[in-house]
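Order of the sequence lines sets the chain letters (A, B, ...), proteins ahead of strands, with each chain counted from 1. All heavy atoms count here, side chains included; hydrogens, waters and symmetry mates do not.
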There are 4 protein chains.
Amino acid sequence: MPVIKRKKILEAAATVFSQKGFHQARMDEIAKEAGVAKGTLYYNFSGKSKLFAATVTEGMEKIIGQVEKELESDLPFKEHLRKLIRSNLSLYLKYSDLSKIVFNELTSGIDNDVLEEIEKVRLRYIDFIADLLRQGRERGYLKEIDTRLAAVGIVGFLDNLCNYYLKNHEMLDQETLIDIMFSILSSGLLAHEG
Amino acid sequence: MPVIKRKKILEAAATVFSQKGFHQARMDEIAKEAGVAKGTLYYNFSGKSKLFAATVTEGMEKIIGQVEKELESDLPFKEHLRKLIRSNLSLYLKYSDLSKIVFNELTSGIDNDVLEEIEKVRLRYIDFIADLLRQGRERGYLKEIDTRLAAVGIVGFLDNLCNYYLKNHEMLDQETLIDIMFSILSSGLLAHEG
Amino acid sequence: MPVIKRKKILEAAATVFSQKGFHQARMDEIAKEAGVAKGTLYYNFSGKSKLFAATVTEGMEKIIGQVEKELESDLPFKEHLRKLIRSNLSLYLKYSDLSKIVFNELTSGIDNDVLEEIEKVRLRYIDFIADLLRQGRERGYLKEIDTRLAAVGIVGFLDNLCNYYLKNHEMLDQETLIDIMFSILSSGLLAHEG
Amino acid sequence: MPVIKRKKILEAAATVFSQKGFHQARMDEIAKEAGVAKGTLYYNFSGKSKLFAATVTEGMEKIIGQVEKELESDLPFKEHLRKLIRSNLSLYLKYSDLSKIVFNELTSGIDNDVLEEIEKVRLRYIDFIADLLRQGRERGYLKEIDTRLAAVGIVGFLDNLCNYYLKNHEMLDQETLIDIMFSILSSGLLAHEG
DNA sequence: GATGAATGAGGCTTCATTCAT
DNA sequence: TATGAATGAAGCCTCATTCAT
């Protein structure tokens, strides 16, 4: 009920989980970060796994929602693609904590049902992109390829590069990065197709 | 000296680490899997982190070596790219244990020097690909792009798709997957360039 | 807060540490002796070394406090000296556990900061005695000697004899022992000085 | 048989045991210090405890022998006492390693038979001093006191001060220390006896 | 005689979870 | 609702000892 306290906890959890990863994150630390007693975590969430699941899903839902919103407009497909890349990058940087969890913390040792829940969020994002591609394909802008597979590849491609940028941002201009990502994804690596 | 015992341990470690992840892997289990006493692990490696590091680096060196060997021939660049994709996939499937570690287990909580060692292996692979691209670019087959960045993106792209294939291989033909990966990487998503 | 539980733990620790010494004392055994779970030890003290330090310092503070109290009165110096000897003996016997630790367990292998803390308590006792001597010297009852050094010697003298008495008390009357200790310390070994 | 190897091991053991104490000394380290393989320790001594016992007893026998030799002459008792003090100090400083063991490492956790063996050496030294005193007493130089008890006290007195000197030798002249020790032991603390 | 790789019992410590208040 | 003291299972690691060579 006290939605504020729940939010405080989830924010603290996001911070700690992303800094330490699931297994290294300590309930103690999350409680301290949230400014509540450890018991309170258990009063609001049934255990560590469930707190983790809530953190990830609620966080990701918010992010996906933002990407969707930013892509609502009715632009030509190429612009859509560029915008997706830009949004993905800026949100990755903004919520790098959460992103790292979703894309790197899928190791086992987490309750299976929790893992599945997280996988579901991942898939929601992939399907959202697949949908984007499908729309483009239906209008003829896109090759005739399996859009789900393409989306999987794109997410890996973007994720790896965003992560690389995060670690090396001093050596790399953001717009340049976006240009490169767009160039490869739209027309590939080869010098000229023909 | 008994290189065989060392190898047995590293193989067992690769199995367990990839199944459980670093933090959930138990030294007990690795010892049992290797058929040695727990103390033997510590006699040969100074601790869990170091065993992990050895597992990953020695394993990856082997894999990278294999990819390099398979790509030694003097094919046209497009064929080289296709071969890279094919090798990457087959080795990913063959050594999926190790691959999962390197690409997913870079969470914190591992000794920093170990993490750096692993990162070094990752970079070796990326630089190997970047080199491949540079050769292609120098002969004019490739766009004028930052080859390091392209390599980072490609690795993420391939890794995500290989991993997806691993989980869904019943729904997907291997050659089809290779075709799609090649198509996107070589000429992008767009229907026609120009 | 539950000062009672803390006290229970410290008492159990004093017992076990003095019976087994620092390195041979087992946290398991201390917990059992205290009637708490092993985790409770760690909830109240950050580790074995810190528990040891607390046991020693808190125990010794109490003992030193008692000696000081018993010597508060304004007796002539010779009576003071005799009283010191008597108090030292009776407290050594009463808290032989603790005494053995402080005077015999200063071996290495204990955290250095803990060793220093213990050394500090030892010095407090030595300085207390040195002070006693200084007062006597100022009033002319005592030789003109370095009181700190004398105190160090006295403590060793008393400690060794108390310990000897502890092991051989059936062969030795307590008052006789006090007389001997007093005799040597006050007028030395020689038959007649002059 | 190879008395040289045995000696090398015992010297290494003395070094390591005195630096680390019995429980913290590692057989590995002793072997390394001695320049032999670990198995060789077990080939020559049946275990850690026995090696410790041999180290202490053989070492102490040597030291006691030296003190006895230095006191062989037929000096007046007072000179004898002063010489004892001087020898005790110089040997303590020379073999501080061993001394620390004998006087501080009598914690339990060592095999009981080994402890008894060490205690026996301690007593030999105490009895040697008691003998010295008895001779003096018989010639009328000494008070009519229990010489065994006096010896126990003297050993504690000297040991504590030697140890103090060892830690604070920069602040203290050796001859001054000997004077003080002699003064207190011979004529006590009081200003004038009468 | 000598070696050192291998062992495994046993220690310290962590931390998710519980529950009386 | 909220707390935080208490728990104890479980993990990493050490090291004296053994034994095949």
Side-chain angles (χ1 to χ4, degrees), chain A residues 1-2 5-6 9 22-32 34-52 111, chain B residues 1-2 5-6 9 20 23-32 34-51, chain C residues 1-2 4-6 9 23-32 34-51, chain D residues 1-2 5-6 9 22-32 34-52 111:
Chain A
M1 192 65 81
K5 178 158 294 185
R6 183 188 169 83
I9 293 177
F22 177 75
H23 292 298
Q24 294 311 98
R26 307 295 163 221
M27 293 300 268
D28 270 327
E29 193 178 350
I30 295 174
K32 198 176 166 194
V36 301
K38 205 174 7 169
T40 309
L41 300 186
Y42 286 89
Y43 187 79
N44 288 281
F45 301 88
S46 62
K48 191 184 183 184
S49 281
K50 281 288 162 44
L51 174 57
F52 183 63
D111 288 1
Chain B
M1 194 65 79
K5 179 154 294 182
R6 184 188 168 85
I9 292 178
K20 304 290 178 73
H23 291 297
Q24 292 312 100
R26 305 298 163 214
M27 293 299 269
D28 268 335
E29 191 178 353
I30 294 174
K32 200 175 165 193
V36 301
K38 211 187 334 178
T40 308
L41 300 186
Y42 288 91
Y43 186 76
N44 288 281
F45 301 89
S46 62
K48 191 183 184 184
S49 282
K50 283 287 163 45
L51 174 56
Chain C
M1 194 65 79
I4 276 179
K5 178 153 297 184
R6 182 189 169 85
I9 292 177
H23 292 297
Q24 292 311 99
R26 305 295 164 214
M27 293 299 269
D28 267 336
E29 192 178 353
I30 295 173
K32 200 175 166 192
V36 301
K38 211 184 336 176
T40 308
L41 300 186
Y42 288 89
Y43 186 77
N44 287 282
F45 302 90
S46 61
K48 191 183 184 184
S49 282
K50 282 287 162 47
L51 174 58
Chain D
M1 192 62 82
K5 180 158 293 185
R6 182 188 170 83
I9 292 178
F22 177 74
H23 292 298
Q24 294 311 100
R26 308 292 163 224
M27 294 299 268
D28 269 327
E29 193 179 351
I30 295 174
K32 198 177 167 192
V36 301
K38 204 172 11 167
T40 309
L41 300 186
Y42 287 89
Y43 188 78
N44 288 280
F45 301 88
S46 64
K48 190 184 183 183
S49 283
K50 283 287 162 43
L51 174 57
F52 183 64
D111 286 3

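Using a 4.5 Å heavy-atom cutoff, the side chains of His23(C) and Phe22(D) are not in contact.
For Arg26(D) and dA16(F), the shortest distance from a side-chain N or O to OP1 or OP2 is below 4.0 Å.
Exactly one residue among Lys38(B), Lys20(B), Gln24(B) makes a side chain to side chain contact (heavy atoms under 4.5 Å, CB included) with Glu29(B). That residue is Lys20(B).
Here the closest heavy-atom approach between residue Ile9(B) and residue Ala34(B) is recorded as CA-CB, 3.9 Å. Closest approach of Phe45(C) and Lys50(C) over heavy atoms only: CD2-O, 4.4 Å.
Each of Ser46(B) and Lys48(D) was matched to the nucleotide of DNA chain F holding its nearest heavy atom; the match closer to the 5' end belongs to Ser46(B).
Stem regions annotated for DNA chain F: E:2-21 with F:2-21, counting only runs of 3 or more consecutive pairs of Watson-Crick or G-U type with both contacts under 3.5 Å.
At a threshold of 4.0 angstrom between heavy atoms, the contacts of Ala25(B) are confined to the sugar-phosphate backbone, with no base atom among them.
With C1' as the reference atom, dG1(E) and dT21(F) are 13 Å apart, rounded to whole Å.
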Pairs under 3.5 Å (N/O, protein and nucleotides 2-4 of chain F):
{"residue": "dA2(F)", "atom": "OP1", "partner": "Lys5(A)", "partner atom": "NZ", "Å": "3.3"}
{"residue": "dT3(F)", "atom": "OP2", "partner": "Ala37(A)", "partner atom": "N", "Å": "3.3"}
{"residue": "dT3(F)", "atom": "OP2", "partner": "Thr40(A)", "partner atom": "OG1", "Å": "2.0"}
{"residue": "dG4(F)", "atom": "O3'", "partner": "Tyr43(C)", "partner atom": "OH", "Å": "2.9"}
{"residue": "dG4(F)", "atom": "N7", "partner": "Gly39(A)", "partner atom": "N", "Å": "3.2"}

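Taken from NZ in Lys5(D) to CG in Asn44(D), the straight-line distance is 7.5 Å, to the nearest 0.5 Å.
Here the side chain of Tyr42(C) is nearest to one of dT17(E), dT17(F), dT14(E), namely dT14(E).
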